[in-house]
Amino acid sequence: MPLIDTAKKIAARAEDLGQRALATVGAKQSESAISADAQGYWNSPDEKRWKDNSHWRESDTFDGNDLWSEIGKRHLDMFEGGARLAGFDRPWNRVVEWGCGGGANAIHFAPRAQEFIGVDISAETLAECEKQVANVCDTSFQAVDIDVANPEAALSMVKEPCDVYVSFYVFELIPTPEYGERLLRIARELLVPGGLALIQVKYDPGTWRTRPRRRSYRSGLAAMTTYRVDAFWQLAERCGFTPQAIQLVPKNELDERYAYFFLTKP
């Protein structure tokens, strides 16, 4: 088995390098093409590792360990620390999680809120998240099902502004860095003045291998979009946020190069 695992890792790395080489010589896919591939993937729960990538509790990644719940607890602790730093002390009337997945974060954030809004592009995953929230609290849950090509549709479905916006393990999965600007502008619209966002991205330290991939979504979804830390800070400012702090996690049990941005809406 170790030899098989090693061979799979070598093959995956070779595939990634090949796709990056194609993008470098100009064979990039359009954002619309990548968006269509992404929607197709997340609407296909029979895909290999789909539940792992959707962070379902019953997936292989979380089988036989406490990592599924631990991830969400870490994020809640991180948010609370950032809230103190930013002077954010308002009640959590409404919390929105963009890309809620199977509920690993929701089970920790929802009990603190009066209403929890889960946004995702998979109806199956939204149903799973709602089930997991119901297992731990009676907080009202709103499922917001959107398409990759039209994330702005969430603005018409979330009727009231939110106090807290969180998004974890999502921005690395989006089609392009430019698409991330759309999500940031949506996040700002969803928040009340004085609201706090915690958004995680995968950061690019400046190497060829860590640039945004820009093609072949299904074979490299967790490497599609990366940002230089300073570039994402500046992008958040252009979108109307006031960045308050960054926390870097160079590596954890799931992957590497994570940057968490604490952003307030003036």
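Worth saying up front: this structure is predicted, and the values here are computed from it rather than measured.
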Query raised in the report: Could you go step by step and tell me if N93 and E160 meet the side chain to side chain contact (heavy atoms under 4.5 Å, CB included) rule?
Result: CA-CA 10 Å; N93 294 321; E160 299 290 336; over 6 Å; no
**Report entry** Same cluster (ILVMFWY, side-chain, under 4.5 Å), F168 and V164
**Finding:** yes
**Report entry** Under 3.5 Å: donor-acceptor pair, side chain of Q132, backbone of A104
**Finding:** no
Query raised in the report: Got a second to check how far W233's CH2 is from L263's CG, nearest 0.5 Å?
Result: 8.5 Å
Report task. State, to 0.1 Å, how close L126 and G118 come at their nearest heavy-atom pair, and which atoms those are. Result -> CD2-O, 3.3 Å
**Report entry** Note: E58-K131 ion pair, threshold 4.0 Å (strictly below)
**Finding:** no
Query raised in the report: Can Y179 and T225 be said to form a side chain to side chain contact (heavy atoms under 4.5 Å, CB included), step by step?
Result: CA-CA 9 Å; Y179 185 97; T225 292; over 6 Å; no
Query raised in the report: Between atom CD of E97 and atom OH of Y165, what is the distance when rounded to the nearest 0.5 Å?
Result: 9.5 Å
Query - Side-chain (D163) to main-chain (R94) donor-acceptor, under 3.5 angstrom - result: yes
Query raised in the report: With no hydrogens and no angle check, is any side-chain donor or acceptor of T125 less than 3.5 Å from a backbone partner on S122?
Result: no
Requested in this report: Looking only at non-hydrogen atoms, find the nearest pair between D145 and I121 and report the distance.
Outcome: OD1-C, 3.9 Å
Query raised in the report: Hey, does L67 have a side-chain heavy atom less than 4.5 Å from the side chain of L254?
Result: yes
Requested in this report: Assess whether atom CG of D66 is packed by more than 12 heavy atoms of other residues, nucleotides or ligands within 6.0 Å.
Outcome: no
Query raised in the report: Between F109 and H75, does the ring centre distance come in under 6.0 Å?
Result: no
**Report entry** Proximity of Y258 and Y169 rings by center, below 6.0 Å
**Finding:** yes
Report task. Report yes if some heavy atom in the side chain of N65 is under 4.5 Å from a heavy atom in the side chain of E253; otherwise report no. Result -> no
Query raised in the report: Judged by atom type as modelled, is there a donor-acceptor pair below 3.5 Å linking the side chain of D52 to the main-chain atoms of H55?
Result: no
Query raised in the report: How long is the gap from CD on E152 to CZ on R182, to the nearest 0.5 Å?
Result: 4.0 Å
Query raised in the report: What distance do W68 atom CH2 and N105 atom CG have between them, rounded to the nearest 0.5 Å?
Result: 9.0 Å
Query raised in the report: Looking only at atom types and distance, does a side-chain atom of H108 sit under 3.5 Å from a main-chain N or O of S69, one as donor and one as acceptor?
Result: yes
Report summary line: Paired with P45, the side-chain contact (heavy atoms from CB on, under 4.5 Å) test is passed by just one of E128, E124, K51, namely E124
Query - K265 (side chain) donor-acceptor with L191 (main chain) under 3.5 angstrom - result: yes
Query raised in the report: Salt bridge or not for E80 and R112, using N-O below 4.0 Å?
Result: yes
Requested in this report: Side-chain contact test, heavy atoms from C-beta onward, threshold under 4.5 Å: evaluate it for R188 versus C239 and give yes or no.
Outcome: no
Query raised in the report: Taking all non-hydrogen atoms of both residues, which atom of A86 and which atom of Q244 are closest, and how far apart?
Result: CB-CG, 3.9 Å
Report task. Check whether more than 12 heavy atoms from other residues, nucleotides or ligands sit under 6.0 Å from atom CG of D230, and answer yes or no. Result -> yes
Report task. Could you label the plane-to-plane angle of the F141 and F116 rings as parallel, tilted or perpendicular, counting under 30° as parallel and over 60° as perpendicular? Result -> parallel
Report task. Kindly work out whether a path of hydrophobic side-chain contacts (I/L/V/M/F/W/Y, heavy atoms less than 4.5 Å apart) joins L190 to F241. Result -> yes
**Report entry** Side-chain donor or acceptor of R257 paired with backbone N/O of Y203 under 3.5 Å
**Finding:** yes
**Report entry** Nearest-0.5 Å distance that lies between atom OG in S167 and atom CG in L198
**Finding:** 9.0 Å
Query raised in the report: Does a side-chain N-to-carboxylate-O contact under 4.0 Å join R214 and E178?
Result: yes
Query - Close side-chain approach of P177 and F232, heavy atoms under 4.5 Å - result: no
Query - Hydrophobic cluster identity match, M78 and F171, side-chain contacts under 4.5 Å - result: no
Report summary line: On a heavy-atom basis, the closest approach of T139 and A113 is OG1-O, 3.2 Å
Query - NZ/NE/NH1/NH2 to OD/OE distance under 4.0 Å, E189 and R185 - result: no
Report task. With side chain to side chain contact (heavy atoms under 4.5 Å, CB included) as the test, would you mind laying out the steps for V96 and V144 before giving the verdict? Result -> CA-CA 10 Å; V96 59; V144 176; over 6 Å; no
Query raised in the report: For the atom pair CG (N43) and CH2 (W50), what is the distance rounded to the nearest 0.5 Å?
Result: 8.5 Å
Query - Non-hydrogen atoms of V136 and P111 that approach each other most closely - result: CG2-CG, 4.3 Å
Query raised in the report: Taking all non-hydrogen atoms of both residues, which atom of P151 and which atom of W98 are closest, and how far apart?
Result: O-CH2, 3.5 Å
Query raised in the report: Are V249 and Y227 grouped together when hydrophobic residues (ILVMFWY) are joined by side-chain heavy atoms under 4.5 angstrom apart?
Result: no
**Report entry** R211 backbone acceptor or donor facing R20 side chain under 3.5 Å
**Finding:** yes
Query - Check against side chain to side chain contact (heavy atoms under 4.5 Å, CB included), R57 and F62 - result: CA-CA 6 Å; R57 188 168 203 161; F62 305 112; 5.6 Å; no
Query raised in the report: Are V170 and L155 co-members of a hydrophobic cluster defined by side-chain heavy atoms under 4.5 Å apart?
Result: yes
Report task. Answer with yes or no whether the side chains of T61 and S59 bring together a donor and an acceptor at under 3.5 Å. Result -> no
Query - Sub-4.5 Å side-chain heavy-atom contact between K28 and R215 - result: no
